[in-house]
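Everything on this sheet refers to the single structure shown next.
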Amino acid sequence: MNDKSKIKVMVALSGGVDSAVALHLLKEEGYDVSAGFMRNWDSLANSDILGNPTLGDPACPQEVDYDDALAVANKLGVKLYRVDFVKEYWDNVFTYFLKEYENGRTPNPDIFCNKYIKFDAFLKWARSLGFDYIAMGHYAKKVVINGLTYLGEARDTDKDQTYFLSQLSNKQLQQTLFPLGDLTKGEVRKIADSLKLDVARKSDSTGICFIGERHFRDFLKNYIPMQEGPIVDLTTNEVIGRHQGVFYYTIGQRRGLGIGGIKGRDDNPRWYVAKKDVSTNTLYVASDEESIYLQSTKITFTDLNFLTKEISDGQEIEVRFRYRQKKVKATFYKTSETTGKLLFPTPYLSVTPGQAVVFYDKGLCLGGAIINDIYFKEEKRN
RNA sequence: UGGGGCAUAGCCAAGCGGUAAGGCAACGGACUUUGACUCCGUCAUUCCCUAGUUCGAUCCUAGGUGCCCCAG
């Protein structure tokens, strides 16, 4: 434990700045470090055609990332492994992702990617090669208090990525290192700069992890066929437009509805998706972001997961319904080992079934769950 | 084929003789390891067509064309 040179760490190297700096920091600390590059998505084999902006590129983006990762590994004098989890990703993440969309919900694939790929398949693979820990370039902290391991929010609160780690087990957490927890993004880039890493100024990756930025509706059309149907104003019950398939839209969404001005109305409001009915293929919209149709005061959840300690019934905690959202207050209740509910002191907007709700208290991420039903004063809204 | 009304960008819609507001949508960008939200930018040399009046017409006149309403 004191002699870090005897501790073998496998750093997940993505080809971006964050994991490169994480690798460097661990090496500086004296760990016995190697790097692993994961490839989890094969655009051609996975029919990722429509909505894919990089299809025509001379070099596919993953190979560019691999080259970047290799350059980093070489510069830092570390061995780079390459490992392929395309099948595992499809079976454990993407299948779930599609099923959720087909049920009219909005999944968060990256949370499952962490749970099943980065912190499971990759972890097991590294362990099988004799590594003691894996390390990630996430902005998150591992905190040990009284012998218990907790997940702490990153010092860079703007980049904090604990939201995506909310479904991890304590064991997964214990076997992971997060070297960037006390650094800001700016500091990370400065370090990369001082090391003269080519990726120092590389822009942050966005879109689904390992897949990338996509025109989302077109992307889904590769897997879920179009099915036209009506768009109904939830306030008046009038049909005011047509959609291409309720699956393609998410609660709170404005763009993509194609609803222009309506004759006879003296306003031209923005319309937001308020409700999806898969059985009738109807998309319900509300005309104002403040509309009560977008608000909720209670939710139920499934997939309850605690990272370290359980939250007690009736406890007031802070929660997030989406990445980088300002934390808001809620009261926690458990209804079974894996389900429960949250009550809100004031209505919150566009809480979406299928998305993750993540629990926080005093700078620690306590765990999370998957949003199931949303209510406004006991009235079911989804 | 009697009367009345209206025709402005994909949609809604100002302008009513002086050289085309605004909103919605769409698209592009910023933000962003989900989906979203948000923010910024772009978007009618032209006002249904034709002829005329005028220094000048989307705005006036005439004739077309197309819708709508009332009366049949």
Side-chain angles (χ1 to χ4, degrees), chain A residues 12 14-19 38 40-41 51 53 61 65 89 93-94 96-98 100-101 104-115 117-118 136-140 154 156 158-167 180 185 202-220 224 231 233 240-243 246-274 276 285-291 294 320-326 348-358 368 370-371:
Chain A
S14 68
V17 218
D18 297 332
S19 56
M38 276 178 269
N40 301 327
W41 186 253
D65 286 339
Y89 186 89
V93 180
F94 208 68
Y96 148 83
F97 170 84
L98 292 181
E100 285 286 85
Y101 269 108
R105 292 158 49 107
T106 307
N108 185 323
D110 288 356
I111 285 184
F112 283 74
C113 176
N114 283 326
K115 180 174 181 171
I117 306 299
K118 292 180 187 171
M136 296 289 170
H138 285 97
Y139 287 86
D156 188 339
D158 191 50
K159 290 296 290 187
D160 174 68
Q161 288 170 323
T162 51
Y163 181 81
F164 294 106
L165 305 173
S166 55
Q167 285 289 332
L180 305 186
K185 184 79 190 193
K202 188 173 173 180
S203 56
D204 293 2
S205 64
T206 55
I208 299 174
C209 208
F210 296 113
I211 297 180
E213 206 71 71
R214 293 287 182 275
H215 182 289
F216 211 74
R217 206 183 325 155
D218 287 345
F219 175 68
L220 287 177
I224 303 174
I231 298 177
D233 177 357
I240 58 172
R242 303 282 301 168
H243 68 258
V246 286
F247 318 104
Y248 304 145
Y249 302 85
T250 189
I251 303 300
Q253 179 172 344
R254 167 157 82 102
R255 301 193 65 198
L257 292 170
I259 304 170
I262 298 167
K263 215 174 178 68
R265 280 187 76 115
D266 52 357
D267 59 346
N268 291 306
R270 297 172 169 186
W271 294 92
Y272 294 87
V273 174
K276 299 163 72 171
V285 295
S287 71
D288 181 354
E289 206 192 346
E290 292 304 314
S291 162
L294 292 168
R320 256 201 269 263
F321 305 106
R322 47 179 61 82
Y323 176 52
R324 283 166 57 86
Q325 177 198 20
K326 184 169 157 283
Y348 299 143
L349 277 174
S350 300
V351 179
T352 307
Q355 286 282 294
V357 57
V358 177
I370 301 299
I371 299 162

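Throughout, a chain's letter reflects where its sequence line sits, starting with A, and its residues are numbered from 1.
Just one residue in the list A:Asp110, A:Asn108, A:Ile208 forms a side chain to side chain contact (heavy atoms under 4.5 Å, CB included) with A:Phe97, and that residue is A:Ile208. Tested against A:Tyr96, the residues A:Phe112, A:Tyr101, A:Tyr89 include a single ring pair (Phe, Tyr, Trp, His ring centres under 6.0 Å) partner, A:Phe112. Each of A:Lys326, A:Arg324, A:Arg320 was checked for a salt bridge (Lys or Arg N to Asp or Glu O under 4.0 Å) with A:Asp160, and the lone residue meeting it is A:Arg320.
Nucleotides B:C49 and B:U65 have their C1' atoms positioned 7 Å apart, rounded to a whole Å. B:G28 and B:U34 have their C1' atoms separated by 23 Å, given to the nearest Å. The separation of B:C12 from B:G4, taken at their P atoms, amounts to 26 Å, rounded to a whole angstrom. The gap from the P atom of B:A25 to that of B:A36 amounts to 15 Å, rounded to the nearest Å. Spacing between B:U53 and B:G17 at atom C1', rounded to whole Å, works out to 12 Å. Spacing between B:U19 and B:C47 at atom C1', rounded to whole Å, works out to 13 Å. When the C1' atom is compared between B:G23 and B:U61, the two are found 34 Å apart, to the nearest whole Å. A gap of 8 Å separates the C1' atoms of B:C27 and B:C43, to the nearest Å.
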For this session: Dump the intermediate steps for side chain to side chain contact (heavy atoms under 4.5 Å, CB included) on A:Phe247 and A:Leu220, then the final yes or no.
Result: CA-CA 8 Å; A:Phe247 318 104; A:Leu220 287 177; 5.7 Å; no
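For the pair A:Ser19 and A:Ala12, the tightest heavy-atom approach, listed with the atom from each and the gap, is CB-O, 3.2 Å. Nearest heavy atoms, A:Arg322 versus A:Ser350: NH2-O, 2.8 Å.
For the atom pair CD1 of A:Ile262 and CH2 of A:Trp271, the computed distance is 5.0 Å after rounding to the nearest 0.5 Å.
The interatomic distance linking A:Tyr248 (OH) with B:U34 (C1') rounds to 18 Å, in whole Å. Straight-line distance from the OH atom of A:Tyr89 to the C1' atom of B:U34: 9 Å, rounded to whole Å. Distance A:Gln355 CD to B:U32 C1': 13 Å, rounded to the nearest Å. Going from atom CD1 of A:Ile262 over to atom P of B:C12 covers 10 Å, rounded to whole Å. For the pair A:Leu257 CG and B:C11 P, the computed distance is 18 Å after rounding to whole Å. Rounding to whole angstrom units, CG of residue A:Asp160 and C1' of B:U32 are separated by 14 Å. One atom, CG of A:Asp65, and another, P of B:U33, lie 15 Å apart when rounded to the nearest Å. In this structure, A:Phe97 atom CZ and B:U33 atom C1' are separated by 14 Å, rounded to whole Å.
A:Phe219 and A:Trp41 have tilted rings, their planes meeting at an angle from 30° to 60° on a 0 to 90° scale. Between A:Tyr323 and A:Phe164, the ring planes lie tilted relative to each other; the angle falls in the 30° to 60° range.
Relative to the side chain of A:Tyr272, the nucleotides B:U32, B:U38, B:A36 differ in distance, and B:U38 lies closest. Distance from the side chain of A:Thr250 is smallest to B:A36 among B:A36, B:U33, B:A13. Nearest to the side-chain atoms of A:Ser205 among the listed nucleotides B:C12, B:C37, B:U33 stands B:U33.
Heavy atoms of A:Gly16 sit nowhere under 4.0 angstrom from any nucleic acid atom. The residue A:Gly256 sits close only to the backbone: its heavy atoms come under 4.0 Å of sugar-phosphate atoms, none of a base. At the heavy-atom level, A:Tyr101 lies under 4.0 Å from the strands shown only through sugar-phosphate atoms. Residue A:Asp204 is classed as a sugar-phosphate contact, given heavy-atom separations below 4.0 Å to backbone atoms only. Contacts of A:Pro107 with the nucleic acid, taken as non-hydrogen atoms under 4.0 Å apart, include base atoms. Counting any heavy atom pair closer than 4.0 Å across all strands shown, A:Gln325 reaches no nucleic acid atom. Using a 4.0 Å heavy-atom cutoff across all strands shown, A:Ile111 reaches no nucleic acid atom at all. The residue A:Lys118 sits close to a base: some heavy atom pair falls under 4.0 Å. Heavy atoms of A:Ser14 sit nowhere under 4.0 angstrom from any nucleic acid atom. Contacts of A:Phe164 with the nucleic acid, taken as non-hydrogen atoms under 4.0 Å apart, include base atoms.
Because its glycosidic torsion is more than 90° from 0, B:C59 is reported here as anti.
A donor-acceptor contact under 3.5 Å links the side chain of A:Asn268 to the base of B:C12.
Of the charged side-chain nitrogens involved, at least one lies within less than 4.0 Å of a carboxylate oxygen, so that A:Lys185 and A:Asp204 count as a salt-bridged pair.
Side-chain atoms of A:Tyr139 and A:Asp158 form no donor-acceptor pair, as typed in the model, at a separation below 3.5 Å.
The residue among A:Leu165 and A:Ile251 whose nearest nucleotide of RNA chain B is located toward the 5' end is A:Leu165. Comparing A:Gly260 and A:Gln253 by the nucleotide of RNA chain B that holds the closest heavy atom to each, the one mapping nearer the 5' end is A:Gly260.
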Exercise. Taking only Watson-Crick and G-U wobble pairs with both distances under 3.5 Å, what dot-bracket line describes RNA chain B, where [ ] shows pairs that cross earlier ones and | shows pairs with another strand?
Worked result: .(((((((.[[[..)..(...]]].(((((.......))))).....[[[[[..)....]]]]]))))))..
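For the side-chain contact (heavy atoms from CB on, under 4.5 Å) test, residues two or more places apart in sequence or in another chain that qualify with A:Thr250 are A:Thr106, A:Gln253, A:Thr352.
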Between protein and nucleic acid, restricted to nucleotides 39-42 of chain B and to nitrogen or oxygen atoms under 3.5 Å apart, what atom pairs and distances do you find?
residue	atom	partner	partner atom	Å
B:C39	OP2	A:Arg270	NH1	3.4

